[in-house]
Amino acid sequence: MIRIENIVKTFGKKDAVVEALRGISLSVREGEMVAVMGKSGSGKSTLLNILGGMMSADGGTYLYNGKDVNFKSQKELVKFRRNEIGFVVQYFALVDDLNVFRNVALPLKYQGYSRKKITKKVMETLASLGIEDKAKAYPFELSGGQQQRVAIARAVVKSPRIILADEPTGALDEATGEEVQKIFRTLNENGKTVIIVTHDAKVAEKCDRIIYVKDGIVEGSSETGQNGCHKGGSV
Amino acid sequence: MKVFGKKIPRGNLLIYFSFTVVSLCILLIVSAVRAENVTKLIKNSLYSGHQKSFTIINSEDEKQWENVIPDIEVEYEHFAIYVPMRSSDVALRGVYVNGDIEQPPMLSGEYFDHSTAWTDQRKAVLGKNHEKDVSVRDGKKYYRYNDTDYEVIGIMGTKEESRINQMVLIDFKSAIGIAGINTRYVLDTKNEANIYDIGQKIYDLFTYPAEVLIGLQEQNDSTGLAAYLSGDMIMDTMYVMILISFSLSTVLITFIWFRFRRQLFYAWKLSGYRKCPVCLEIAKRFYVIAGAGFVAGIILMFIISNIVPDVDIVFMDVCRAFGMTLGLGTLILCFCYVVNNNKKL
């Protein structure tokens, strides 16, 4: 489903150039649940941003379902992100002054859905995550776990094929983190491809496969033996 | 902060208060400039301040203006020719208008334009003290002067007693009919530089035996800085400076607003919003708050004008202030958007 080859990404100019990715290559199959592990500064979040079309790469190729993702066209990247990707980030990225319903409905706006259809989709998604009773609450009125559920709801409401999560349990306590992890597993079992960036080995172990990133390149990968539906991803 | 159960972002409050202050400032300036113009008009007996008096003598053709006016109109616009007349009971004046010129404050109806000032039908604009003498026939208002009826097209006047309230302005041809062509006139132009050119043109077009007595030497009695300091430029500059200062603070606040709204922009980015919906959403949010600030500014202005008798606001002031605030707001929004977009917020 996803195949990247020799992806390069640098930040800064002249003397202050930082090479975040130095020719990284990997592939992820449809339906896989993959963890990307590495220390801080290893380039895993940059990798996730490039996979999700949030950032363009400076070099290399990105094939999605066999088709080249054109980094030069912002329009195409936005379209790719809108239709194929659901993002979940560490600190939830919820909008404080929008209630839960409106936060989750954000990706559906300007997509041509009727108000009725948006309401139906949002409420169904909230119900699937067990937070339908929080629809009118504001993010600051929710616990960390509930906020992350809202963020997940926002990521999945538009039915993307891939869920990208950047340290999704990083801001949560252990028990809540496990609950969130279970949600990702359920999403994966329902056919979503899930890529989780984490430095938490416990989170990574619950994925089908772990890809280790160090200094902007893949250091190795290992199968975890978890009961994912679609085994067989390879670096 | 929650209002009616809805959370109001801090940045929105800042923009709201900023636009309330900017709108109030613009309204005060617009109102003060209008009041200043009216005072100037009253002080100058309804002339703009750049006018030149001239006299025609020895003309044997009472309709000579009908040959002269079309020739001037072709070349020049934005000027008026007045025919001041001595009358024991009213301050009467004939008016010819071409283009945009200083107008007295109108209480109702319209002031003269070219079609109503240069006409064979008798038209009048009355000072408000003469409104009681108006009669109505067939839905039209008429004013009778020297046994002749003039259709009243507008009523002008000021709140306080002024010369404008006592004046009666009539169309140019009717005025010539009363005063005769050999009389004194006042040429008034919007642009001071035009006064000598139009004066020269009138001088040239009135041929023998008619003669135009007009002084056409430019007066340079004050030099650069002195002229600047002696005029209304100090007040005007001060107004502009105040406005610039408030505008700059609004720019700063809009930047802060963009910073406070980062979360929302990031959520849009995560959701895959295209550029067009992003611009639309930003504009919608910004204009709603700025608009609410403008409304608050108007309310404050009404309160001030009720408390302070010297401050007065009319509908046109609100329209002008709205236009200026909208223009300023749009400029600031575009500037901040471009700068923030380059920073990839």
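In this text, all values refer to a predicted model and were calculated from it rather than measured experimentally. Below, chains carry the letters A, B, ... as their sequence lines are ordered, and counting in each starts from 1.
For the pair B/Y273 (side chain) and A/L106 (backbone), a donor-acceptor distance under 3.5 Å is present. Judged purely by atom type and a 3.5 angstrom limit, B/R274 uses its side chain to pair as donor or acceptor with the backbone of A/Y110. Using modelled atom types, no side-chain atom of B/Q263 and backbone atom of A/A93 make a donor-acceptor pair closer than 3.5 Å. Counting only distance, with no hydrogens or angles, the side chain of A/R81 and the backbone of B/L270 share no donor-acceptor pair below 3.5 Å.
Residues B/S271 and A/R82 come closest through the heavy atom pair O-CG, 3.8 Å. Across all their heavy atoms, A/V78 and B/G272 have their closest contact at CG1-O, 3.4 Å.
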Salt bridge (charged side-chain N to carboxylate O under 4.0 Å, His left out) assessment of A/D97 paired with B/R261: CA-CA 10 Å; A/D97 55 291; B/R261 306 264 57 196; 2.3 Å; yes
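In this structure, chain B has no heavy atom under 4.5 Å from any part of A/F80. At a 4.5 Å heavy-atom cutoff, the contact between A/E141 and chain B is made by side-chain atoms alone. Of the atoms belonging to A/V89, it is side-chain heavy atoms, and not backbone ones, that fall under 4.5 Å from chain B. Contacts of A/L98 with chain B are made by side-chain atoms alone, with heavy-atom separations under 4.5 Å and no backbone atom involved.
For the pair B/E281/A/K109, a side-chain contact is recorded, criterion being any heavy-atom separation below 4.5 Å from C-beta on.
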